[in-house]
Amino acid sequence: MKHGIYYSYWEKEWSAKFGPYVEKVAKLGFDVIEVAAHHINSYSDAELVAIRQASKDNGIILTAGIGPTKQKNLSSPDADVRKAGKAFFEQTLTNVAKLDIKSIGGALHSYWPVDYTQPVDKIGDRARGVEGIHGIADFANNLGINLCIEVLNRFENHVLNTAAEGVAFVQDVGKSNVKVMLDTFHMNIEEDSFGDAIRTAGPFLGHFHTGENNRRVPGTGRIPWHEIGLALREINYTGAVVMEPFVKTGGGIGSDIRVWRDLSNGATEAKLDEDARNSLAFSRFVLGA
């Protein structure tokens, strides 16, 4: 099992450059850094080469996360939007591959965050999402990339809210490189049992995010980490466990994640680093090294 952290823990904007964080997470003891794929297409080939080399030099694995915009929604009822979404994913996956990233997760099947001021069509969006992911799965597979479909809580998306729904979706897509992605923050809202949800995902689990019930770093709240660790070991999960804490107000990240109060207690960057390092030690102990 490899342990990582999402670089946006330190940032307020999704578009912040992630290259400088490769060395930081290595020094903190992590195996993985997760980066936002939203703006990778704006990076030059030279920047991508430099980041890939930095990750290699520091012994760091890169993974990617993304929440497509409404205009790039693979499940949109608008055929032109679905077409734009497919083109966006093909471009993004091509550039993600240049970083030697083998896993991209998030609301790939839909868009994020969902606009609930308008009616939603769970059944129709799910069907179009299955078709959309099926349509890009082979393209991703040819690049050696797994597509990890994230199960989100009801406030952020309506299509897939439970591990059982995620597994059924992946089974309907029917591609070996399309997996389920679970996140403890979302599971805390939707699942009756963390352990049962993980066991339900079983061999379909391709990526795992961790965070407390309030999105602080693991080990600072009330999530049942020992139960989660036991279930991960029972299904022989060997993928990445990436903590995704969001603790800072302001900017696009604070707005999208709805962090309306400072969860860092005014922490300096050095204190954020210390909290991340301590949480990593905790995670390795309760989840598995």
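What you see is a predicted model; the values in this text were computed from it and never measured. Numbers here are sequence positions counted from 1.
- Under a 4.0 Å N-O distance rule, the pair Arg128/Asp121 qualifies as a salt bridge.
- Side-chain contact between Ile51 and Leu62 is present, with heavy atoms from C-beta onward closer than 4.5 Å.
- Other residues, nucleotides and ligands contribute only 12 or fewer heavy atoms inside 6.0 Å of the CG atom of Asp192.
- Look at Lys83 and Asp80 and you find no salt bridge, because none of the NZ, NE, NH1 or NH2 atoms lies under 4.0 Å from a carboxylate O.
- Proximity of a side-chain donor or acceptor of Thr184 to a complementary backbone N or O of Gly211 within less than 3.5 Å is detected.
- The two residues Leu232 and Leu205 make their nearest non-hydrogen contact at CD2-CD2, 3.9 Å.
- Here the shortest heavy-atom pairing between Leu93 and Ala140 reads CD1-CB, 3.9 Å.
- Between Lys271 and Asp275 there is a salt bridge, since at least one side-chain N of the basic residue sits less than 4.0 Å from a carboxylate O of the acidic one.
- Environment of CD in Glu23: sparse, with no more than 12 heavy atoms of neighbouring residues, nucleotides or ligands closer than 6.0 Å.
- No more than 12 heavy atoms of other residues, nucleotides or ligands lie within 6.0 Å of CZ in Phe285, so this atom counts as exposed by the packing criterion.
- Residue Lys122 places its NZ atom among more than 12 non-hydrogen atoms of other residues, nucleotides or ligands, all under 6.0 Å distant.
- With contacts defined as side-chain heavy-atom distances shorter than 4.5 Å, the pair Gln171/Phe204 qualifies.
- Listed here is the closest heavy atom pair of Ala137 and Val178: CB-CG2, 3.8 Å.
- A 4.5 Å side-chain heavy-atom check between Lys2 and Ile61 finds at least one atom pair inside the cut-off.
- Residues Phe18 and Leu99 are in side-chain contact: their nearest non-hydrogen atoms beyond the backbone lie under 4.5 Å apart.
- Ser110 and Val159 make their closest contact through OG-CG2, 4.1 Å (heavy atoms, listed as atom of the first residue, atom of the second, distance).
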Could you go through residues 84-92 and list every donor-acceptor pair under 3.5 Å that involves a side-chain atom there, pairing it with any protein atom two or more places apart or in another chain?
residue	atom	partner	partner atom	Å
Thr92	OG1	Asn41	ND2	3.0
Thr92	OG1	Phe88	O	2.8

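- Note that OG of Ser55 is 9.5 Å distant from CD1 of Ile33, once rounded to the nearest 0.5 Å.
- Judged by distance alone, the side chains of Thr63 and Glu34 do bring a donor and an acceptor atom under 3.5 Å apart.
- Side chain of Glu191 to main chain of Thr162: no donor-acceptor pair is present (N/O by atom type, distance under 3.5 Å, no hydrogens or angles).
- Checked by atom type and distance alone, the side chain of Asp115 pairs as donor or acceptor with a backbone atom of Thr117 at under 3.5 Å.
- A single hydrophobic cluster is seen to contain both Leu280 and Ile228, as judged by linkage of ILVMFWY side chains at heavy-atom distances under 4.5 Å, directly or through other members.
- A heavy-atom distance below 4.5 Å is found between the side chains of Val35 and Ile101.
- By the 4.5 Å heavy-atom criterion applied to side chains, Pro113 and Glu156 are not counted as neighbours.
- Pairs engaging residues 131-186 under the ring-ring contact (aromatic ring centres under 6.0 Å, His included) rule: His109-Phe169 [sequence neighbours left out].
- The backbone N or O of Trp10 sits less than 3.5 Å from a side-chain atom of Lys248, completing a donor-acceptor pair.
- Ala240 and His207 make their closest contact through CB-CE1, 3.8 Å (heavy atoms, listed as atom of the first residue, atom of the second, distance).
- Rounding to the nearest 0.5 Å places CG of Asn188 at 11.0 Å from CZ of Arg215.
- Exactly one residue among Val151, Ile198, Asn153 makes a side-chain contact (heavy atoms from CB on, under 4.5 Å) with Met187. That residue is Ile198.
- Salt bridge Lys70/Asp78: absent, no basic N to carboxylate O contact under 4.0 Å.
- Here the side chains of Met1 and Phe208 are not in contact, with every heavy-atom distance at 4.5 Å or above.
- Atom CD of Glu190 has more than 12 neighbouring heavy atoms from other residues, nucleotides or ligands inside a 6.0 Å radius.
- Linking ILVMFWY residues whenever their side-chain heavy atoms come closer than 4.5 Å, directly or via other members, places Tyr7 and Ile40 in the same cluster.
- A parallel orientation is assigned to the rings of His38 and Trp14, their planes being inclined by less than 30° (bins at 30° and 60°).
- Within a 6.0 Å sphere centred on NZ of Lys17, other residues, nucleotides and ligands contribute more than 12 heavy atoms.
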